[in-house]
Amino acid sequence: MFIQNRLGLTESIESMIAQERRLDQTANNLANADTVGYKKDKVTFWEMLFTASSGHERVGKAVKLSTDHSQGTAEQTGNPLDLYITGDGYFRVQTANGVRYTRAGNFTLNRDGQMVTPDGDPVLGQGGPVILTGNDIQIRRDGVIFMDGQEVNRLGLARFDNPADLEKEGRNLFRPTADTVQERPADQATIQQGFRESSNVNTVVEMTEMIDLQRAFETQQKMIVTMDEIDGQAVRKVGSLTG
Amino acid sequence: MIRSLYSARTGMNGQQMQLDVISNNLANVNTAGFKKSQLQFEDLFYQNIRAAGADTVGGNQVPTGIQVGMGVKPTAVSKIFTQGDYAETGNDLDWAIEGRGFFKIVRDGQEYFTRAGTFTRDSEGYIVTPNGDRVQPEFSIPAGTTTLNIDSSGMLEALDNQQNIVASTQITLHDFINPAGLKSVGGNLFQETQASGAPTEANPGADGLGTIAQRYKETSNVNVTEELVNMIITQRAYEVNSKAVQTSDRLLEIANSLMR
């Protein structure tokens with residue numbers, strides 16, 4: 001009985017920590033409710049067998065984090081360097097740490113006329129970095145770039161067989177989780193010029209999530225208090241002759 | 001726990017800065033040649049957290065390498081150089097640029113660039129901005145001039161009452177590869193930076209530059225409806241982030257009440 005009590009305590013504490021994780025994610029999602037190309041993170045729980053003591057097992061909760069890569073809505077800006085991807089695909093960006101992937105198409109030009117992210121990392125086309133030195137920039141749905149009517153480059157979009165192959169790096173960038181992950185050309189994805197993808201965070205969902213996790217946290221706290229009371233009773237009453 | 005508090009704080013700070021940008025855009029809705037700004041956000045770095053590394057019964061490690069984001073960061077306030085509308089003024093010294101390009105002016109030996117072509121003349125007859133800085137190339141309107149004409153390609157002519165040309169000059173425009181990289185210095189002026197690249201000079205209408213429309217001024221490109229919608233979004237985003245702070249606080253409170 002005593003051992004099970006302790007086990008309950010462990011599980012309640014684990015559950016409270018798990019709810020904290022959920023809040024961390026929710027707060028981060030809400031902070032990025034306005035970030036171009038942001039993809040929300042979800043915390044899910046799953047049951048696992050843990051070793052409780054030697055020869056004994058117990059079922060516990062494990063935290064699993066996944067990124068929801070669903071499409072964000074298109075926000076019209078009219079800026080010729082704001083690009084929106086419809087479908088499964090990512091822009092390829094050359095950073096100091098290697099090629100990274102992003103859905104945030106809020107690009108700009110640097111002094112050399114290179115198309116870059118707001119952090120200054122060049123966007124890669126099929127013919128290398130995209131250089132735009134004319135006046136009129138037209139980007140077709142299939143990613144072909146026309147500069148003053150002349151075809152100059154084509155944006156190289158990448159896609160991945162499993163979205164879980166990508167992890168977030170910050171600065172709106174994704175990186176492959178392992179060296180073995182292979183990118184594939186995104187043939188199905190199309191590009192809309194003059195639009196950009198808004199964050200796919202839904203504030204209503206996040207708010208209900210916060211209410212839910214707060215209550216779950218509260219419940220586990222009550223469980224701990226109750227178990228503490230039971231322990232207290234045991235300490236006081238066991239061995240007492242008066243009962 | 002503490003992480004969520006800080007993430008929400010970055011969210012609130014970011015929205016506050018967004019509001020600063022929107023307010024400035026709205027304040028300049030009637031400023032000639034004003035170009036609106038836009039704040040860009042990106043997600044902050046991610047912290048890799050190893051979950052309580054328990055072994056599974058099968059002897060495997062719990063596969064729960066999880067990442068928690070640390071909030072949001074404003075990356076850039078970029079100027080949006082879309083064309084503003086034109087307003088007819090009838091003033092000889094109001095020149096709007098139709099297309100790309102900037103006028104160059106000099107103040108205290110420093111070069112500045114502007115699209116606000118609402119000029120005036122100083123006591124010596126020079127064409128100056130409303131702040132008194134001379135437009136380049138400097139041109140003094142001779143005494144006795146009755147009409148001042150500038151054509152779309154920037155040829156400026158001063159005519160007397162007999163319609164004779166008494167003085168003329170070629171007004172040039174300047175362009176940058178990346179105008180969004182220019183530094184705003186106030187007074188409708190921009191300054192060259194590393195990011196904007198060096199200016200290239202050409203006559204209006206040449207090399208992809210815009211042409212000049214005399215007796216018109218370019219109005220601000222701020223769209224009031226758009227800014228107001230952004231303001232509502234900003235306010236609500238600020239609000240939800242404050243709720244995340246509240247929830248973090250509440251969780252801390254509950255945890256603290258564990259100990260009676």
Side-chain angles (χ1 to χ4, degrees), chain A residues 14 16-17 19-21 23-36 38 41 43 48-51 57 60 62-65 77-79 104 106 108-113 118-120 133-136 148 167-172 203 206-207 210-211 213-214 217-218 221 224-225, chain B residues 1 3-5 7-8 10-11 14-15 18 38 40-46 51-52 54-58 62 64 66-73 75-76 78 80 82 100 176-178 180-181 194-198 208 233-234 236-237 240-241 243-244 247-248 250-251 254-255 257-258 260:
Chain A
E14 274 174 11
M16 283 174 89
I17 294 171
Q19 300 305 333
E20 280 184 23
R21 286 281 145 73
L23 180 60
D24 291 342
Q25 292 307 339
T26 308
N28 187 49
N29 284 345
L30 285 175
N32 287 291
D34 232 3
T35 304
V36 176
Y38 179 78
D41 290 322
V43 171
M48 293 200 62
L49 272 181
F50 292 98
T51 309
E57 292 155 12
V63 178
K64 184 168 183 259
L65 178 85
T77 62
N79 185 344
N106 53 339
T108 169
L109 293 179
N110 68 9
R111 64 193 163 122
D112 304 320
D119 283 299
T133 44
N135 298 303
D136 179 42
D148 296 327
E167 66 179 2
K168 291 184 177 177
E169 189 175 75
R171 306 193 298 134
N172 293 345
T203 50
E206 301 298 327
M207 289 299 280
M210 278 207 294
I211 296 169
L213 72 89
Q214 184 183 321
F217 192 82
E218 214 168 343
Q221 186 249 17
I224 292 174
V225 171
Chain B
M1 175 74 43
R3 269 192 298 270
S4 59
L5 267 177
S7 305
T10 62
Q15 296 305 331
Q18 173 91 298
Q38 202 173 46
Q40 315 268 14
F41 289 118
E42 63 183 27
D43 49 357
L44 215 52
F45 56 91
Y46 283 74
D55 287 331
T56 59
V57 176
V62 179
T64 43
I66 58 173
Q67 283 192 304
V68 177
M70 305 300 282
V72 69
K73 176 177 94 173
T75 345
S78 41
I80 308 293
T82 54
R100 293 174 68 106
F176 297 87
I177 268 193
N178 175 24
Q194 282 284 319
S196 68
I233 294 170
T234 304
R236 292 303 176 196
V240 288
N241 278 294
K243 295 286 182 204
T247 309
S248 311
R250 181 83 186 106
L251 255 58
I254 295 169
S257 67
L258 262 177
R260 289 166 297 164

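Residue numbers begin at 1 in each chain, while the letters A, B, ... track the order of the sequences.
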Which atoms of [X] are under 4.5 Å from chain B, going by heavy atoms: the side chain, the backbone, both sets, or neither?
{"X": "Asp136(A)", "value": "neither"}
{"X": "Gln214(A)", "value": "both"}
{"X": "Thr26(A)", "value": "neither"}
{"X": "Met210(A)", "value": "both"}

(Q) What I want to check is whether the side chains of Ser4(B) and Glu20(A) have a donor and an acceptor closer together than 3.5 Å. (A) no
Q.
Checking Asn28(A) against Asp24(A): is there a side-chain donor and acceptor pair closer than 3.5 Å?
A. no
Q: Check the pair Lys73(B) / Glu42(B) against salt bridge (Lys or Arg N to Asp or Glu O under 4.0 Å), numbers first and verdict last.
A: CA-CA 5 Å; Lys73(B) 176 177 94 173; Glu42(B) 63 183 27; 3.4 Å; yes
Relative to chain A, which segment of [X] carries a heavy atom at a distance below 4.5 Å: side chain, backbone, both, or neither?
{"X": "Ile80(B)", "result": "side chain"}
{"X": "Gln194(B)", "result": "both"}
{"X": "Ala180(B)", "result": "side chain"}
{"X": "Ser196(B)", "result": "backbone"}

Q.
Tell me whether Asp43(B) contacts the main-chain N or O of Arg171(A) through its side chain, where contact means a donor paired with an acceptor under 3.5 Å.
A.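 Checking the backbone N and O of Arg171(A) against the side chain of Asp43(B), a donor-acceptor pair under 3.5 Å is found.
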Q: With sequence neighbours left out, write down each residue that passes side-chain hydrogen bond (donor to acceptor under 3.5 Å, both in side chains) with Glu14(A), or none if nothing qualifies.
A: Arg58(A)
Q | Qualifying residues under side-chain hydrogen bond (donor to acceptor under 3.5 Å, both in side chains), relative to Asn172(A), sequence neighbours excluded | A | none
Q | Shortest non-hydrogen separation from Val72(B) to Gly11(B) and the atoms involved | A | CG1-CA, 3.7 Å
Q | Closest heavy-atom pair and its distance - Ser7(B), Ala31(A) | A |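 For Ser7(B) versus Ala31(A), the nearest heavy atoms are O-CB, 3.4 Å.
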Q: Would you mind telling me which of Gly197(B), Ser78(B), Ala237(B), Ala195(B) has the largest number of heavy-atom pairs within less than 4.5 Å of chain A?
A: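 The candidate making the most pairs under 4.5 Å is Ala195(B).
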Q. Chain B: which of Ile224(A), Val43(A), Asp119(A), Thr133(A) shares the most heavy-atom pairs with it under 4.5 Å?
A.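 If we count pairs closer than 4.5 Å to chain B, Asp119(A) comes out on top.
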Q | Choice from Asn106(A), Asp34(A), Val36(A) maximising heavy atom contacts with chain B below 4.5 Å | A | Asp34(A)
